J.: 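Here you go, one structure.
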Amino acid sequence: MKKIIYILIGFSILSCNKKKEIPAPKPEPIIIDYGFTLNNFDVVRDTIKNGDTFGSLLDKQNLGTIKSFEVTEKVKDSFDVRMIRKGNPYVLLRSKDQSKKLKVFIYQIDRATYYVIDLRKEVAVHKKVRPITYRKRTIAGALDGSLYGSLNKEGANDALAEKITKIYAWSIDFFKLQKGAKFGVTFTERFIDDTINDGVDSLKCAFFEYKGKTIYAFPFAQNQNSKQLEYFDEEGKALKNFFLKAPLKFVNITSHYTQSRFHPVQMIWKAHKGTDYAAPTGTPIMTTASGVVEQSGFTAGNGNFVKVKHDKTYSTQYLHMSKILVRKGQHVTQGDVIGKVGSTGLATGPHVCYRFWKNGVQVDALKLELPNSSPMDKNNLPRFFAQIKPLKAELDSVAKLKFKN
């Protein structure tokens, strides 16, 4: 019996000892940002609101003996207080005691650049730029839905799609890309502090399957002393044409050039000497090539329209605009927005009717063999081929591995 009692007492002592064991508290993680150990401050993060000024933000804080206008006066040579913009973030570092005295005011210009207004001793201003690094990445995939969605699926953001559509604007009508069309892209991304993705920096090379062909794109500076890049295919042929493929970024052709079409408004059969691109009202209309605005105005049939003369051979016209953004005699550059899609004149819905003249005769723009921009200088071809060889090999290798799986 005594033995049992001793055993029970032993268990009781062990149980009591276990209850007394309290785990040590985990140390607070050290947070360093903007060059400060934030644990040492009462941190307030906010964004600039309507009506906020540098002075009004300071007025809401405990500045101790110093006045807000004195701070403004002392920083004006290093920090333009008028740069405060709605939506931009700022951070207040205050003392951790009850006074919550403002020690540091931090204002972010963008994700990489910020100003530090240090109030701890003498008022001091420091402009800081976070370190930026660049990483190269290659992706490949097959089109499934929109270009944006297909690139997102491969881990790329919308900025890459915008760059691609701009580079291929002369070669590919992205509205006509077939589902399953293969593509590959090598590009560089910016990273702030080696962790924050700040978007796409540059496109190194790409390919897209389009109408049974694989169209490559490689940036190349023909003049080595210039940073001006042009894009060429793998044979050194320019991707950029004298004319854009269409006056809209993403297009939906609803009516082609024809000598006989039933007019939906006039209810008669007649020639339709243009190409209709449907788009929502207000969609920007671009001039497909550089030139001078020859006509700009309104007629009952055309509605608001603009006609551009490009050279002695070619002219283009854009009809049914909701708004005209250029005037007669104005010089326009390829890709400039000259108006907005509408349904003025004889139109049943919002669209732009795109008309094309060659040597004074209206022709079908979609069937023309239009001139390219300046071809590559033959003397540059060896340097071009040497530059693209490793890029194309890497891109093709990633694509082959992707599509094999």
Side-chain angles (χ1 to χ4, degrees), residues 27-137 155-163 166 187-203 227 229:
E28 183 183 7
I30 303 299
I31 302 172
I32 298 175
D33 201 2
Y34 303 105
F36 296 92
T37 303
L38 300 188
N39 308 64
N40 299 333
F41 300 93
D42 173 62
V43 180
V44 178
R45 298 177 184 270
D46 208 339
T47 55
I48 303 297
K49 309 290 193 304
N50 266 333
D52 282 346
T53 64
F54 180 66
S56 69
L57 293 171
L58 292 182
D59 284 336
K60 297 174 185 177
Q61 302 302 316
N62 175 15
L63 299 177
T65 57
I66 195 170
K67 304 296 183 184
S68 62
F69 71 87
E70 293 175 355
V71 177
T72 303
E73 189 65 23
K74 288 181 179 180
V75 304
K76 67 180 183 181
D77 293 333
S78 306
F79 176 68
D80 185 354
V81 297
R82 295 171 298 178
M83 74 169 67
I84 296 287
R85 293 285 181 272
K86 178 186 173 183
N88 279 22
Y90 67 91
V91 180
L92 306 175
L93 304 184
R94 310 188 300 187
S95 63
K96 297 189 81 169
D97 58 23
Q98 286 186 336
S99 70
K100 299 288 190 261
K101 184 179 177 182
L102 183 63
K103 300 290 187 180
V104 180
F105 179 95
I106 301 167
Y107 176 71
Q108 276 192 236
I109 301 293
D110 51 45
R111 289 201 284 186
T113 311
Y114 60 94
Y115 278 88
V116 173
I117 292 88
D118 196 334
L119 309 173
R120 288 176 296 180
K121 294 179 182 177
E122 294 183 359
V123 178
V125 179
H126 306 284
K127 184 180 180 180
K128 303 281 188 178
V129 179
R130 297 180 187 272
I132 297 175
T133 54
Y134 299 88
R135 299 178 198 166
K136 190 173 74 169
R137 188 151 65 99
N157 62 27
D158 290 351
L160 182 60
E162 290 167 12
K163 280 188 178 290
K166 189 174 181 180
F187 59 101
T188 55
E189 294 174 293
R190 291 185 303 274
F191 284 85
I192 298 171
D193 279 344
D194 213 33
T195 55
I196 304 169
N197 190 321
D198 194 41
V200 176
D201 178 66
S202 62
L203 187 143
K227 293 183 179 180
L229 295 174

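Keep in mind the model is a prediction, meaning the values are calculated, not measured.
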J.: With no hydrogens and no angle check, do the side chains of N39 and T37 hold a donor and an acceptor under 3.5 Å apart?
T.: no

J.: Against the six-membered ring of F41, is R94 placed for a cation-pi contact (under 6.0 Å from the centre, within 45° of the normal)?
T.: no

J.: Would you please indicate yes or no on a ring centroid separation below 6.0 angstrom for Y90 and F105?
T.: yes

J.: Show the numbers, then the answer: is there a side-chain contact (heavy atoms from CB on, under 4.5 Å) between R137 and T188?
T.: CA-CA 6 Å; R137 188 151 65 99; T188 55; over 6 Å; no

J.: Side-chain contact test, heavy atoms from C-beta onward, threshold under 4.5 Å: evaluate it for E70 versus K67 and give yes or no.
T.: yes

J.: Holding to side chain to side chain contact (heavy atoms under 4.5 Å, CB included), I want the full list of residues that pass it with I196, two or more places apart in sequence or in another chain.
T.: R111, I192

J.: On a heavy-atom basis, which atom in L38 and which in V43 lie closest, and how many Å separate them?
T.: O-CG2, 3.7 Å

J.: Any side-chain heavy atom of D201 within less than 4.5 Å of one from E189?
T.: no

J.: Evaluate the salt bridge (charged side-chain N to carboxylate O under 4.0 Å, His left out) criterion for residues R135 and D194: first the C-alpha distance (whole Å), next the side-chain angles of each, then the deciding distance (0.1 Å), finally the verdict.
T.: CA-CA 10 Å; R135 299 178 198 166; D194 213 33; 3.3 Å; yes

J.: Please determine if D193 and R130 form a salt bridge, counting it only when a charged side-chain N lies under 4.0 Å from a carboxylate O.
T.: yes

J.: Is F69 close to V71 at the side-chain level, that is, under 4.5 Å between some pair of heavy atoms?
T.: no

J.: Who are the side chain to side chain contact (heavy atoms under 4.5 Å, CB included) partners of I109, not counting sequence neighbours?
T.: M83, Y107, T113, Y115

J.: Look up atom CG in N40 and atom CD1 in I30, then write down how far apart they are to the nearest 0.5 Å.
T.: 7.5 Å

J.: Hey, is D46 close enough to K49 for a salt bridge, meaning N to O under 4.0 Å?
T.: yes

